[in-house]
Amino acid sequence: MNASTTTQFLRVRDIVCTPAKGDRPASRGLLSVSASHWHDGVRRGIYPKGIKLSPRVTVWRLEDVLAITEKAGAQ
């Protein structure tokens, strides 16, 4: 299989910023948005719909998320 045709997936924690909480340090995702903002944007159709892997696991294609960052950079 060619590496250029392999699709990579991201979970929400890879996409959004999360604040520090307890012993967990803050993390910076690909987009400067919170998880609630991301889920609201998905629900409203601003961000792409995720792919359900199981009832509790949803992922997004890396190229779809990167397209959002490129679109934001062009504006």
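When a residue number appears, it is its place in the shown sequence, counting from 1. Not measured: the values here are computed from a predicted model.
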Notebook entry, point to check: For Arg24, does the CZ atom have more than 12 heavy-atom neighbours from other residues, nucleotides or ligands under 6.0 Å away?
Noted result: yes

Checklist line | Nearest non-hydrogen partners of Glu63 and Gln8, listed with the distance | finding: OE1-O, 4.4 Å

Next item on the list: For Thr58 and Gly50, work out which heavy atoms get closest and say how close.
Entry: CG2-CA, 3.6 Å

Next item on the list: Indicate if Leu66 and Val16 have the same hydrophobic cluster label, given that clusters are the connected sets of ILVMFWY residues with side-chain heavy-atom separations under 4.5 angstrom.
Entry: yes

Note to self: Using the rule that Ile, Leu, Val, Met, Phe, Trp and Tyr join whenever any side-chain heavy atoms are under 4.5 Å apart, tell me whether Val59 and Val42 fall into a single cluster.
What the structure shows: no

Check: Between Trp60 and Lys49, which heavy-atom pair has the shortest distance, and what is it?
Finding: NE1-C, 3.5 Å

Notebook entry, point to check: For the atom pair OG1 (Thr7) and CG (Asp64), what is the distance rounded to the nearest 0.5 Å?
Noted result: 9.5 Å

Check: Are Ile15 and Ile46 grouped together when hydrophobic residues (ILVMFWY) are joined by side-chain heavy atoms under 4.5 angstrom apart?
Finding: yes

Next item on the list: Answer with yes or no whether the hydrophobic clustering places Val65 together with Ile51; edges join I, L, V, M, F, W, Y residues whose side-chain heavy atoms lie under 4.5 Å apart.
Entry: no

Check: Does a salt bridge link Asp14 with Arg11, judged by any charged N lying under 4.0 Å from a carboxylate O?
Finding: no

Next item on the list: Say whether Phe9 and Val12 are linked into one hydrophobic cluster, either directly or through other cluster members, by side-chain heavy-atom distances under 4.5 angstrom.
Entry: no

Item checked: Spacing of His37 atom NE2 and Ser32 atom OG [to the nearest 0.5 Å] -> 10.5 Å

Next item on the list: Considering non-hydrogen atoms only, spot the tightest contact between Cys17 and Leu31 and give its length.
Entry: SG-O, 3.5 Å

Next item on the list: Using a cut-off of 6.0 Å, state whether more than 12 heavy atoms not belonging to Lys52 lie near its atom NZ.
Entry: yes

Note to self: Is the distance between the ring centroids of Trp38 and Tyr47 under 6.0 Å?
What the structure shows: yes

